[in-house]
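Reviewing the structure listed below.
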Amino acid sequence: MLCIFRRLLSLVVVAVAATAMAAETDLMKETDPARLVAVLQSADAPLFDKAKACQRLAVIGTKDAVPVLARLLDDEKLAHYARFGLEAMPDPAVDDALRAAMDRLAGRHLVGVINSIGFRRDAKATEALIKRLGDSDVAVASAAASALGRIGTPKTSQALLATLAVASPELKPWVADACLACGEQLLSKSDRASATSLFDALRKSDAPKHHRLAATLWAIRVRQSDGISLALEQLRSDDADFFAVGLQACRRIPGPAMTKAMAAVMDTLPPARQALLVTALAGRQDEAAIPAALKAAKSQAPEVRAAAIRVLAKRADPAAVPVLLEAAVAADEAVAQAAQAGLASIPGKEADEAIVARLTAADAKLRRVAIELTGQRRIAAALPALLKAADDSDEQVRHAALKAIAVVIDPKDLSMLVERFLKAASAADKTAAGDALKAAAMRAPDREASAAQLVAAMRQAPLETKVALLEMLAAVGGKTALEAAAAAAKDPDENLQDAGTRVLGEWMSPDAGPVLLELAKSSANAKFKVRALRGYIRVARQLQMPMDQRAAMLRQALAVAWRDDERKLVLEVLTRERSPSPEYLAIAVSQLAVAGVKDAAGAAAVDIAEKLVRTDPGAIVPAMKQVVESGASPATVQKAKQLLNRAGRRAKQ
């Protein structure tokens, strides 16, 4: 019985809810205001329907609905809905009704009506609202202040300021908020003079600090270019918050006059504030910002100088090149990095020429920085100077020059770097020259031509140099490089064989596969033989290729493998494939007969079978039977039996 009762009760609830939703839908689609008014006047209409009628009247209500809604303004449950309906109606009768209601309401209902008057910005309510500013109920007084602020006339401005001067601590923040709103409303009406007077009075009042800060910023903004002196006054303020207002104003007032004023006041400020003011110059679009930043860049205060350098670097103006070059070797690493970054991005031939001129500077650090910038800017015309710098007495300068040469040199002229690499006097110089040679060779659009130059250099080079050239060839890649590496791997010199098989084992294209396979078959040195086979397996594991090609490579690897270690590597590659082919399964099963890898082969076969059981159950059955019969580990055999059953069921479907 209880279950039946609960079921009936739930049905009743659903029915009531459905009825309510239907009523809501009907009322919200009503097009006749009179019918909605009738709902409000009906003693029998549900509260829900009356609320929806008020909402709908906000859309289609006419003057006839105003008295009915007005009578609900003190209703405990519908007052809010009544105000909602009235606020959106354009008819002036609404304003009359709301003003009349102020005389008969109190408490929260009065507050609600005052808020509605403010929403409608009814200027005719000004006198009544001014009277309410002195109400003993702070909620009423604050609502009146807010409404006067939204109305926003010179008269409401005067009333608010007068109240602000005598307001209680509880009311003062509300009145100050209203003053700000009033000022914005006056501006929207283009009454700039009244707005200026209001903001000035508010910023000089005893209002809470955040209101005075906001008023100060508005007072500057409303004056536009005439607000520069007031902005500077804030910059000189001892109060950090007012300084921040002045700084914000500096960013908002456009034009060279503001920029020049900022520059003029800068020297009067402490270094920390100077740095902030210099930073504000970065976003200014007028050219007056450059001289100001250039002057600040010579400051003795590190933070000011750093800020100026960052501004100049961001502006990327050619006039800043000499200053930035000087700053690029500053002891302050942050300053130096900012200057170098700026120099790298400044466009134009003038900047190139200024940087190249420093390639022969007396200061070694400046020479090095100029060389690095030459490379970053790819100034090809500087190649002769860079070649000379590559013989500099300072090691860091030499190495920077080689790095820059790699960027600007024509790849057809690699012989210049080859020669330096071959003749390098020290190990450090040889490494730097080798890095430059490798970078230039890899940058070449014709990799085969670059490889040919490196191969030619190998012919008369000593062993150590040949090994280094082989490593470069591996990075360059291509047919010529691969042939050279293969030749080295077969060279009578064991050291060269070692280098050749090592770079081949790390080759980054599949065309190394056949070479490695041949070496794995023919090499007389067991160490190199293993290395070649492992390199061949790595190619199959890491490099992109069709699945059937990979499967063929893995079969060939197993055919050559003579150790279990390499066989296990092949089995591991088989299990990496997310969607393997039946060929992978067949390869794994083929190793069940090899005693040393039987367990690994069984585990690999099970792994592959789990991926195939849904798509190719027919291939699973014979494979899993072989795993079961192989004597692999018990766990593997158990999994194989489960897969055998699953595959059998699927095969019958």
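- Here Cys182 contributes atom SG and Leu187 contributes atom CG; the two are 10.0 Å apart, rounded to the nearest 0.5 Å.
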Apply side-chain contact (heavy atoms from CB on, under 4.5 Å) to Arg56 and Lys52, showing your working. CA-CA 6 Å; Arg56 183 58 178 164; Lys52 290 302 171 184; over 6 Å; no
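- Leu98 and Val113 make their closest contact through O-CG1, 3.4 Å (heavy atoms, listed as atom of the first residue, atom of the second, distance).
- When all heavy atoms of Leu129 and Ile117 are compared, the closest pair comes out as CD1-CG2, 4.1 Å.
- Partners of Ala313 by side-chain contact (heavy atoms from CB on, under 4.5 Å), not counting sequence neighbours: none found.
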Evaluate the criterion side-chain contact (heavy atoms from CB on, under 4.5 Å) for residue pair Leu57 and Met89; output intermediate values, then yes/no. CA-CA 8 Å; Leu57 283 170; Met89 290 186 194; 4.0 Å; yes
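- Taking Arg273 as the reference, Ala240, Phe243, Leu269, Pro270 meet the side-chain contact (heavy atoms from CB on, under 4.5 Å) condition, with sequence neighbours excluded.
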Residues 291-312, side-chain donor-acceptor partners within the protein, below 3.5 Å, at least two apart:
residue : atom : partner : partner atom : Å
Lys295  : NZ   : Asp267  : OD2          : 3.0
Ser299  : OG   : Ala301  : N            : 3.0
Arg305  : NE   : Ala297  : O            : 3.3

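- Looking at residues two or more places apart in sequence or on another chain, you find a side-chain contact (heavy atoms from CB on, under 4.5 Å) between Ile253 and Ile220, Ile228, Met258.
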Candidate pair Leu324 and Ile346, rule side-chain contact (heavy atoms from CB on, under 4.5 Å), full reasoning: CA-CA 10 Å; Leu324 291 175; Ile346 292 177; 3.6 Å; yes
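- Note: Leu36 CG to Cys54 SG = 9.0 Å, rounded to the nearest 0.5 Å.
- Taking a 6.0 Å sphere around NZ of Lys403, one finds it holds 12 or fewer heavy atoms contributed by other residues, nucleotides or ligands.
- The existence of a salt bridge linking Lys131 and Glu127 is excluded, since no basic side-chain nitrogen approaches an acidic carboxylate oxygen closer than 4.0 Å.
- The neighbour count for Lys365 NZ, taken as heavy atoms of other residues, nucleotides or ligands under 6.0 Å away, is above 12.
- Listed by first and then second residue, the side chain to side chain donor-acceptor pair (under 3.5 Å) pairs that reach into residues 337-349 are Glu333-Gln337, sequence neighbours excluded.
- Atom NZ of Lys124 is surrounded by 12 or fewer heavy atoms from other residues, nucleotides or ligands within 6.0 Å.
- Applying the side chain to side chain donor-acceptor pair (under 3.5 Å) test to pairs two or more places apart or on separate chains, those with a residue in residues 82-93 are Glu87-Ser116.
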Quick one: do Thr156 and Gln185 satisfy side-chain contact (heavy atoms from CB on, under 4.5 Å)? Show the steps, please. CA-CA 11 Å; Thr156 64; Gln185 185 64 16; over 6 Å; no
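- With respect to Arg99 and Asp96, a salt bridge is recorded, a charged nitrogen being found less than 4.0 Å from a carboxylate O.
- Listed by chain and number, the residues in a salt bridge (charged side-chain N to carboxylate O under 4.0 Å, His left out) with Asp44 amount to none (sequence neighbours excluded).
- Atom CD of Glu577 has more than 12 heavy atoms from other residues, nucleotides or ligands within 6.0 Å.
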Compile the donor-acceptor pairs under 3.5 Å between side chains in residues 275-283 and protein atoms, sequence neighbours left out, one pair per line.
residue : atom : partner : partner atom : Å
Thr279  : OG1  : Ala275  : O            : 2.9

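- A pairwise comparison of heavy atoms in Cys179 and Leu198 identifies O-CD2, 3.1 Å as the closest pair.
- Dense packing is recorded around CD of Gln542, with more than 12 heavy atoms of other residues, nucleotides or ligands lying under 6.0 Å away.
- Distance check: Ile355 CD1 to Ile371 CD1 gives 12.5 Å after rounding to the nearest 0.5 Å.
- With sequence neighbours excluded, the residues that form a side-chain contact (heavy atoms from CB on, under 4.5 Å) with Val140 are Leu110, Val111, Ile114, Arg132, Asp135, Asp137.
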Under 3.5 Å donor-acceptor pairs involving side-chain atoms of residues 69-77, not counting sequence neighbours:
residue : atom : partner : partner atom : Å
Asp75   : OD1  : Lys77   : N            : 2.8
Asp75   : OD1  : Leu78   : N            : 2.9
Glu76   : OE1  : Arg108  : NH2          : 2.5
Glu76   : OE2  : His109  : NE2          : 3.1

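- Atom CZ of Arg578 and atom NZ of Lys611 lie 9.0 Å apart (nearest 0.5 Å).
- Sorted by first then second residue, the ring pair (Phe, Tyr, Trp, His ring centres under 6.0 Å) pairs that include residues 50-97, not counting sequence neighbours, number zero.
- With respect to Asp95, the salt bridge (Lys or Arg N to Asp or Glu O under 4.0 Å) criterion is satisfied by exactly one of Arg120, Arg121, Lys63: Arg120.
- Screening residues 212-227 for side chain to side chain donor-acceptor pair (under 3.5 Å) gives Asp200-Arg223 as the qualifying pairs, with residues at least two apart or on separate chains.
- If you take NE2 on His211 and OG on Ser205, they are separated by 9.5 Å, rounding to the nearest 0.5 Å.
- Ion pairing between Arg35 and Glu30 holds under the 4.0 Å rule for side-chain N and carboxylate O.
- For the 3.5 Å distance criterion, the side chains of Gln158 and Lys155 fail to qualify, holding no donor opposite an acceptor.
- Closest approach of Gly152 and Leu186 over heavy atoms only: O-CD2, 3.5 Å.
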